[in-house]
Amino acid sequence: MHTKDSLLKQLGRMGIDGGGTLLVHSSMKSIGPVEGGADAVLDACSEYMRDGLLVFPAHTWSYVNAAQPKFYVERSPACVGILPELFRQRPGVVRSWHPTHSVSALGREAAAFASGDHRFDTPCARGSAWGKLLDRRATILLVGVDLTRNTFIHGVEEWAGVPGRLTDDPELLYTVLPDGTEIPVPSRRHRGSVSEHYWKVDGVLEREGAMRKERLGEAVVRVCDAEAVTNVLTAMLRDRPELFSDNEPIAEARPAARKGDVE
């Protein structure tokens, strides 16, 4: 049986900067039995990052759309698992206002980090919380899930200008604040299921030092350096914009990113 303390020790062995920024994608089931359940996992993450910023995705893309256009900041449930859903409801957590790709943040500069996402008409704009992860040189943990669940890669593709990744015409969605104020947010959406092809760079990111594998409980954890991932994938997408357009393995490794690729 895993405990909050044993999970804290594992986080420490990963060498994550507790005063930095940490985004967690997760599968609670993959961690195995934990004394105290999901709340103990969140307690461990929150305590470890008490001097920094802890972020979970709080996505609603699976059900907020043109037919059901309202996103309620305070009560629309996250569609990406039990840990994000419980985390967004915790005291002190701030949720961003993007109608389909919001995040929840706790800790240092959480309000500033989560602010402004509703001003963009794309899911992972460079000025949004997803781009701020790069600015803050965040660590991204994929706990029991693989790269196909790494929303940050959507951002890298968007910032690299890969064609065909987003719908041309936005849907008119609405962000509804706790006081009932409705903010219209024209929103373009991701096309197809490109993220299901992100697995193919797993080996490349490891070889280039942008990602390593650890353990949290019984889960395999991919520890990703947001800046390094951006540099490696930007270089790859420059040479091959269609990289994630199919589900075929990569025939050969691409060259490492050059210094200065990220602005």
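Numbers here simply count residues along the sequence, with the first being 1. Only heavy atoms go into these numbers, but all of them, side chains included; no hydrogens, no water, no symmetry mates.
Although no hydrogens or angles enter the test, the distance criterion places no donor-acceptor pair under 3.5 Å between the side chain of Asp225 and the main chain of Gly209. Put simply, the side chain of Glu85 gets close to the backbone of Ala78: a donor and an acceptor are under 3.5 Å apart. Side-chain N or O atoms of Gln10 include one that pairs as donor or acceptor with a backbone N or O of Gly217 at under 3.5 Å. For the pair Arg95 (side chain) and Val73 (backbone), a donor-acceptor distance under 3.5 Å is present. Between the side chain of Tyr63 and the backbone N or O of Cys79 there is no donor-acceptor pair closer than 3.5 Å. Arg126 places a side-chain N or O within donor-acceptor distance of the main-chain N or O of Gly131, the cut-off being under 3.5 Å. Panel note: side chain Ser115, backbone Phe113; no donor-acceptor pair is recorded below 3.5 Å. At distances below 3.5 Å, not a single donor-acceptor pair connects side-chain atoms of Lys29 with backbone N or O atoms of Gly144. No donor-acceptor distance shorter than 3.5 angstrom exists from the side chain of Lys70 to the backbone of Pro99, with no hydrogens or angles considered. Looking at Lys200, its side chain does come within 3.5 Å of a backbone N or O of Leu243 through a donor-acceptor pair.
For Arg189, the CZ atom counts as densely surrounded, since its 6.0 Å shell holds more than 12 non-hydrogen atoms of other residues, nucleotides or ligands. Within 6.0 Å of the CD atom in Glu35, the count of heavy atoms belonging to other residues, nucleotides or ligands does not exceed 12. Heavy atoms from other residues, nucleotides or ligands lying under 6.0 Å from CD of Glu74 number 12 at most.
With 3.5 Å as the limit, one finds no donor-acceptor pair spanning the side chains of Thr3 and Asp5. Between the side chains of Trp199 and Asn247, at least one donor N or O sits under 3.5 Å from an acceptor N or O.
Annotation: His98 is not in aromatic contact with His118 [ring centroid separation under 6.0 Å not met]. Aromatic rings of Trp97 and Phe120 (six-membered ring for Trp) have centroids beyond the 6.0 Å cut-off, not under it. Tyr198 has its ring centre less than 6.0 Å from the ring centre of His154.
Heavy-atom minimum distance, Leu172 versus Pro69: O-CB, 3.7 Å. The two atoms that bring Val93 and Ser104 nearest to each other are CG1-CB, 3.5 Å, heavy atoms only. Nearest heavy-atom pair across Val64 and Thr100 is O-CG2, 3.9 Å.
The side-chain tip of Arg75 points at the ring of Tyr72 from less than 6.0 angstrom away and within 45° of straight on.
For the pair Arg191 and Asp168, the salt-bridge criterion is met [side-chain N within less than 4.0 Å of a carboxylate O]. Under a 4.0 Å N-O distance rule, the pair Arg136/Glu109 qualifies as a salt bridge.
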request  = Carefully, step by step, assess Phe152 and Trp159 under the rule ring-ring contact (aromatic ring centres under 6.0 Å, His included).
outcome  = CA-CA 11 Å; Phe152 185 77; Trp159 312 329; 5.4 Å; yes
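In this pair, His190 and His101 present their aromatic rings perpendicular. The plane angle is above 60°, beyond the 30 to 60° band.
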